[in-house]
There are 2 protein chains.
Amino acid sequence: MNDEPRWLTAEEQLVWRSYIEAATLLEDHLDRQLQRDAGMPHVYYGLLVKLAESPRRRLRMTELAKYAKITRSRLSHAVARLEKNGWVRREDCPSDKRGQFAILTDEGHEVLRRTAPGHVNAVRQAVFDRLTPEQQKSLGEIMRIVAEGLQPSEAGADLPWLR
Amino acid sequence: MNDEPRWLTAEEQLVWRSYIEAATLLEDHLDRQLQRDAGMPHVYYGLLVKLAESPRRRLRMTELAKYAKITRSRLSHAVARLEKNGWVRREDCPSDKRGQFAILTDEGHEVLRRTAPGHVNAVRQAVFDRLTPEQQKSLGEIMRIVAEGLQPSEAGADLPWLR
DNA sequence: CCCAGTTTGTTTAAGATTCAAGAAATAGTC
DNA sequence: GACTATTTCTTGAATCTTAAACAAACTGGG
């Protein structure tokens, strides 16, 4: 309950600005790259990758949403679109009648096979090729920390509403 | 050119995954925070900030788009919305009849004044408070490098099409 | 001056995302 | 079993973003 906000220092502002700019440019760059080469935005591509990495190439909608850090609503729309492309299909979950599996089709897998090299290349070119091994390690640690702090589990982790 | 793609190593994959997750969660978090407290998404808020930092609180559309790393088209839509909110107004450029200035209104300035503390707080809580000074510095360096590599100027910086 | 080429900014439509609301199934409790 | 709360997923409307196309104004030769 502090009245005067702790503004960012000049250094912090520069860091924050760099982060925002890089994140914006990078997401934009990868969106364009994938839209051009794979016909879908980065997030959708990520969904196909998650499915490809999963046993039997399938995941429950909620699981997939959790891994991809997006809402179930967004996922619903996304899968609908990917389904229309023939890259994903749905299947009912036998053990839970509410549940749905999203399943990567052969066609979807083929799209990944064809476009993954180009995408890896784009990521390398934009990020890894420009950073020293130490910087890569550091980036990993930093982003892991930030991500952990924002996991939904965080909500109420220390009961802030009781203060 | 090389036929076999250089896949990411296991370590690189972890770094990349962490980056994507953190960036997704963070942007999401800040969008929600600002939508709730300021009635606009993070990008729009950033536009107001840029204007507030500019002399006479105004920028040419193209300048603003460049600073914010977004397309002119996107900016057109955004400013149209902000104008409807009364937070920005447009003015013709006297020296270039094509040109338009986007100008932060008093009302827009007031929104910033009122919501900046909360936003700074959100950024601190999500990022700076969780990182050591060394990590903050490192993050700045890393993101500056990535951003530089993706600036539009980069397009053709080394004449790749001549190879 | 004239004209091709560029720059500036907007517009339209299609696509993507968010938010709130809701239907259906499950889980927990009495 | 019946009841309530929760979980799962979808839907529709509003908002935001993208991509392509365009008009208007500027630029730099000739």
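Given the structure is predicted, the values throughout are model-derived calculations rather than measurements. Computation of the quantities below employed the complete heavy-atom set of this structure, encompassing side-chain atoms and omitting hydrogens, waters and symmetry-equivalent molecules. Below, chain A is the first sequence line, B the second, and so on; all start at residue 1.
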Would you check, one step at a time, whether the test salt bridge (charged side-chain N to carboxylate O under 4.0 Å, His left out) holds for B:Glu141 with B:Arg144?
CA-CA 5 Å; B:Glu141 290 166 359; B:Arg144 193 148 32 246; 6.0 Å; no
Most 5' of A:Gly99 and B:Arg81 on DNA chain D, judged by nearest nucleotide
A:Gly99
For B:Asp129, side-chain hydrogen bond (donor to acceptor under 3.5 Å, both in side chains) partners two or more places apart
A:Arg6
Residue closer to the 5' end of DNA chain C, A:Asp96 versus A:Met40 (nearest nucleotide):
A:Met40
Of A:Tyr44 and A:Arg98, whose closest DNA chain C nucleotide lies nearer the 5' terminus?
A:Tyr44
Considering only Ile, Leu, Val, Met, Phe, Trp and Tyr, and joining two whenever side-chain heavy atoms are under 4.5 Å apart, list the other residues clustered with B:Phe101.
B:Ile103
Carboxylate-amine/guanidinium proximity below 4.0 Å for A:Arg90 and A:Glu83:
yes
Is it true that A:Lys137 and B:Glu11 have a side-chain N and a carboxylate O under 4.0 angstrom from each other?
no
The complete set of side chain to side chain donor-acceptor pair (under 3.5 Å) pairs with one or both residues in residues 48-57 of chain A, sequence neighbours excluded, reads A:Arg57-A:His109
Quick one: which protein N/O atoms are closer than 3.5 Å to N/O atoms of nucleotides 19-22 of chain D? Pair and distance per line, please.
unit_1	atom_1	unit_2	atom_2	d
D:dA19	OP2	A:Arg32	NH1	2.5
D:dA19	N6	B:Ser73	OG	2.8

Within the structure shown, what part of the strands sits under 4.0 Å from B:Asp28 by heavy-atom distance: base, sugar-phosphate, or nothing?
sugar-phosphate
For residues 29-46 of chain B, pull every pair meeting salt bridge (Lys or Arg N to Asp or Glu O under 4.0 Å), keeping only residues two or more places apart or in separate chains.
B:Asp28-B:Arg32
Which nucleotide of DNA chain C is the first, and which the last, in the 5' to 3' direction, to come under 4.0 Å of a heavy atom belonging to chain B?
C:dT7 to C:dC19
Round to the nearest Å and state the distance from [X] atom [atom1] to [N] atom [atom2].
| X | N | atom1 | atom2 | value |
| --- | --- | --- | --- | --- |
| B:His42 | D:dC16 | NE2 | C1' | 16 Å |
| B:Gln100 | D:dA24 | CD | P | 15 Å |
| B:Asn85 | D:dT15 | CG | C1' | 12 Å |
| B:Lys97 | D:dT27 | NZ | P | 12 Å |

Quick one: pull up CG in A:Leu75 and OG1 in A:Thr62 and give me the separation to the nearest 0.5 Å.
8.5 Å
Could you please name the option among D:dC16, D:dC26, D:dC9 that lies closest to any side-chain atom of A:Met61?
D:dC9
Determine, step by step, whether A:Val43 and A:Arg74 satisfy the side chain to side chain contact (heavy atoms under 4.5 Å, CB included) criterion, reporting the C-alpha distance in whole Å, the side-chain angles of both residues, the deciding distance to 0.1 Å, and the verdict.
CA-CA 10 Å; A:Val43 178; A:Arg74 185 174 177 183; 3.3 Å; yes
